[in-house]
Amino acid sequence: MKIEQQIMTAAQAAVKALYGQDVPEKMVQLQKTRSEFEGNLTLVVFPFVKMARKSPEQTAQELGEYLQSNCEAVEKFNVVKGFLNLSVSNKAWLTLLADIDADAHYGEKTADEGSPLVMIEYSSPNTNKPLHLGHVRNNLLGWSLAQIMQANGNRVVKTNIVNDRGIHICKSMLAWLKWGNGETPESSGKKGDHLIGDYYVLFDKHYREEIKEMVAQGMDEEKAKQEAPLIKEAHEMLVKWEQNDPEVRALWEKMNAWVYAGFDETYQKMGVNFDKIYYESQTYLKGKAKVEEGLQKGLFERHDDGSVWADLTNEGLDQKLLLRSDGTSVYMTQDIGTAEMRFQDFPIDKMIYVVGNEQNYHFQVLSILLDRLGFKWGKELVHFSYGMVELPNGKMKSREGTVVDADDLMELMVEDAYKTSMELGKFGDMTEEERKEIARIVGMGALKYFILKVDARKNMLFNPEESIDFNGNTGPFIQYTHARIRSILRKAQDTCPIGSMNPMSPISPKEVELIQKMSEYGAAVEQAGKDYSPSGIANYCYELTKVFNQFYHDYSILNEKDEQKKLTRLVIARNVAKILKNGMALLGIEVPERM
C-alpha cells in the first residue's frame, strides 16, 4: 500500500477511535509538507476540529500521537497551528522504493478488454502539400496524448483523417498536367509530398499572374479571382472528379500515392503512426447521407434554395449550413460522415479531436450535431484545442518561403544536435554510426520536449537553438541525466551486482526526497490524463531530473564506502532512470543508454 494511503486509512481510524465519528476518505486532506517545515506529509486538521470540540492545535496533537503509535509509516510529528506535519519512517520509504523497483511500469495502468475505448484523431494533412511546423505540434500532441491515455488504463485507437479531395487538390493536379512534363518523385529525386507541394505553389504563382493581368485590364479584383482561366479549369476538374471521370481519378490516385509515400517517411522520422486512416473522399458521401437522414427525422431544415441547415439557436448558437444549395457538402458534413464510419468500425466510448484553436466553434457545433444524430459520445467529445507555433523570424527558410517544412525542421534539429554534441565532447569514443544515432535521438528529443513542455492551449515560439541545451528545462538535459545514470549502473555491475536492500538502512533527506518524487509519477500520469496535458508529464520528468542531479552533486554513489548505503543509492538511481525512460516515452521521446 502507498504511504499516503496507509496514513489516510490510519487517520480515518484515528478520528473514529478518538471522536467516535466515521469520516469519508475525501475528508482526509494529505499534502506534501512545505519545505520550511520538518516532515514529509501534512494532514490538514481543520475538518475534524468540530468533532473533537478542541482547538486545532490540540486536535492535531491527539491525531499525531495516535498515528505515531498506530501507523508504521509515521515515525514522528510536529504541529503548526491546524496542520499536522508527519515524518515518514525510513523503513516505509525503503519499502516503497522496493515496490517501485519491482514494477517495470510503476505508476502506469494496463488496459483490459473491459477498459474504455478512446479514439484520438490527429495530423489531418492535405494531400496538396508536405507537413509543416503546425502539423509537427499537432502530431506530437496527438501521439503523446494517446500514450498518456493508454498509461491511464484506456484502450486507444489512433486515427488520422486525410483531406484528399477538393479544389486545393485539383490545383496541384492541374499544375502538374500543365507544367510537370511527366516529372515523378523518382525522376526529380524529391519526396512525393514536396513534389506535389511545389506544383501547388506553382499553380498559385500563375493564378496570381492571371489575376494581376485581368485587374490591369480593368476588371474588379474579386471578379478576376473567380473568372481567371486557371481557377475555372480547377473547378472543372473538381466537377469531373465528383463525376468519377476515369482520367481525373487515375491522375488523382497516382499523385496521392506519391504524397502518402512522402507522409509515411515524415511520420516515421517523427516517430508517430496510426491504427486507422480515414479519407475525406470516402467519408463525405456518408456525411451527406447522414444529413439527409437527419432531415427526414426533422432534426434539420431545408431552405427554399435547397440548402440544408441545422438551427442551433436553442443552444445559444446560430444556424449552421450542412449542405449547399447545389447539394455539395461542407467540412461539417464530412466530419459527420467520418464519425459515422468510425462508430461503425469501433465501439468508441470517448472521441478526442486534436485540432488547432481556430476550430473551437466548429467542434462546439459538431458535438451538438453528433448528439442530435444519436452518437453516444457526441455530447462529450473532446476538442483538444492547441495554439499556434511559430519560429523566430529569419531562423529558417522553407522551400516555399512562407511555411516551415516539417522535414527541414527535423533535419536541422538532428544536425544541430550532432554539432552541439561534438563541441561539448559528448560523443567520446563512439563510432560515426553511434554518433549519428545519438544525434537523431537528441535532436528529435529536443524538438519534441520543447514543444510538449508548453501548455498546449498557449501559442508558442519554437527556438531550435534554445531547445538543444544540455542544461535547463530541455529534452537533452533529461536525456543526458538518463545516460549518466545508465553509465553509473554499468560500472556498478562490474564491481558490485545490485542485490537486496536492507529495510533498516539509514537514508538521507535527499534520498527521501527522490523516493517521494518517484512515488508521485502515478499521480502525474493520472493528472495528465484528466487534463489532456502532455506538459504535465514533461514538467514532472524535469523536476525528477533536477532532484536527482542535486542528490548526485551532494552524494557519491560508486565511491560510497558503506555497502548498504551504496546499494540503496544504486536502486534509487536505477529507478530514476526507469521512470525517466517511461515518462519520456509518454512524450514519444527516446532516451539514450550512453552519451
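Index from 1, following the sequence.
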Do [X] and [Y] come within less than 4.5 Å of each other through their side chains, counting heavy atoms only?
| X | Y | answer |
| --- | --- | --- |
| Phe477 | Tyr542 | yes |
| Leu97 | Ile572 | yes |
| Phe470 | Ser421 | yes |
| Leu41 | Glu4 | yes |
| Asn160 | Tyr122 | no |

Is it true that, when you exclude [X] itself, more than 12 heavy atoms of the residues, nucleotides or ligands shown sit nearer than 6.0 Å to its [atom1]?
| X | atom1 | answer |
| --- | --- | --- |
| Glu433 | CD | no |
| Glu358 | CD | yes |
| Met27 | CE | yes |
| Lys91 | NZ | no |
| Lys458 | NZ | no |

Which residues share a side chain to side chain contact (heavy atoms under 4.5 Å, CB included) with [X], sequence neighbours left out:
| X | answer |
| --- | --- |
| Ser467 | Met413, Ala446, Phe450, Phe462 |
| Thr42 | Gln31, Thr33, Phe83, Asn85 |
| Pro506 | Lys565 |

Pair Arg490-Glu593, side-chain contact (heavy atoms from CB on, under 4.5 Å): steps then yes or no: CA-CA 10 Å; Arg490 281 194 296 275; Glu593 286 292 304; 4.0 Å; yes
Any sub-3.5 Å donor-acceptor pair from [X]'s side-chain atoms to [Y]'s backbone N or O?
| X | Y | value |
| --- | --- | --- |
| Arg342 | Tyr278 | no |
| Arg155 | Val118 | no |
| Asn582 | Ala104 | yes |
| Glu511 | Ser508 | yes |
| Thr474 | Asp469 | yes |
| Gln147 | Trp143 | yes |
| Ser533 | Gly529 | no |
| Arg137 | Gly387 | yes |
| Glu560 | Ile557 | no |
| Asn575 | Lys578 | no |

I'd like to know if the side chain of [X] pairs up with that of [Y] as donor and acceptor (distance under 3.5 Å, no hydrogens or angles considered).
| X | Y | value |
| --- | --- | --- |
| Glu520 | Gln527 | no |
| Asn154 | Ser115 | no |
| Asn357 | His383 | no |
| Lys191 | Thr266 | yes |
| Asn138 | Ser123 | no |
| His132 | Asp405 | no |
| Tyr521 | Glu108 | yes |

Atom [atom1] of [X] and atom [atom2] of [Y]: how far apart are they, to the nearest 0.5 Å?
| X | Y | atom1 | atom2 | value |
| --- | --- | --- | --- | --- |
| Arg594 | Lys426 | CZ | NZ | 13.5 Å |
| Leu412 | Lys419 | CG | NZ | 9.0 Å |
| Thr95 | Asn90 | OG1 | CG | 10.0 Å |
| Trp93 | Ile507 | CH2 | CD1 | 8.0 Å |
| Glu25 | Leu30 | CD | CG | 10.0 Å |

Over 60° means perpendicular and under 30° means parallel, so classify the ring planes of [Y] and [X], tilted if in between.
| X | Y | answer |
| --- | --- | --- |
| Phe274 | Tyr267 | perpendicular |
| Tyr552 | Phe548 | parallel |
| Phe384 | Tyr532 | perpendicular |

Residue pair Glu121, Met351: steps toward the side-chain contact (heavy atoms from CB on, under 4.5 Å) verdict: CA-CA 8 Å; Glu121 175 195 291; Met351 181 73 214; 3.8 Å; yes
From CA spacing to verdict: side-chain contact (heavy atoms from CB on, under 4.5 Å), Met584, Cys541: CA-CA 7 Å; Met584 294 291 266; Cys541 289; 4.3 Å; yes
Shortest non-hydrogen contact between Tyr540 and Lys517, atoms and distance: OH-O, 2.7 Å
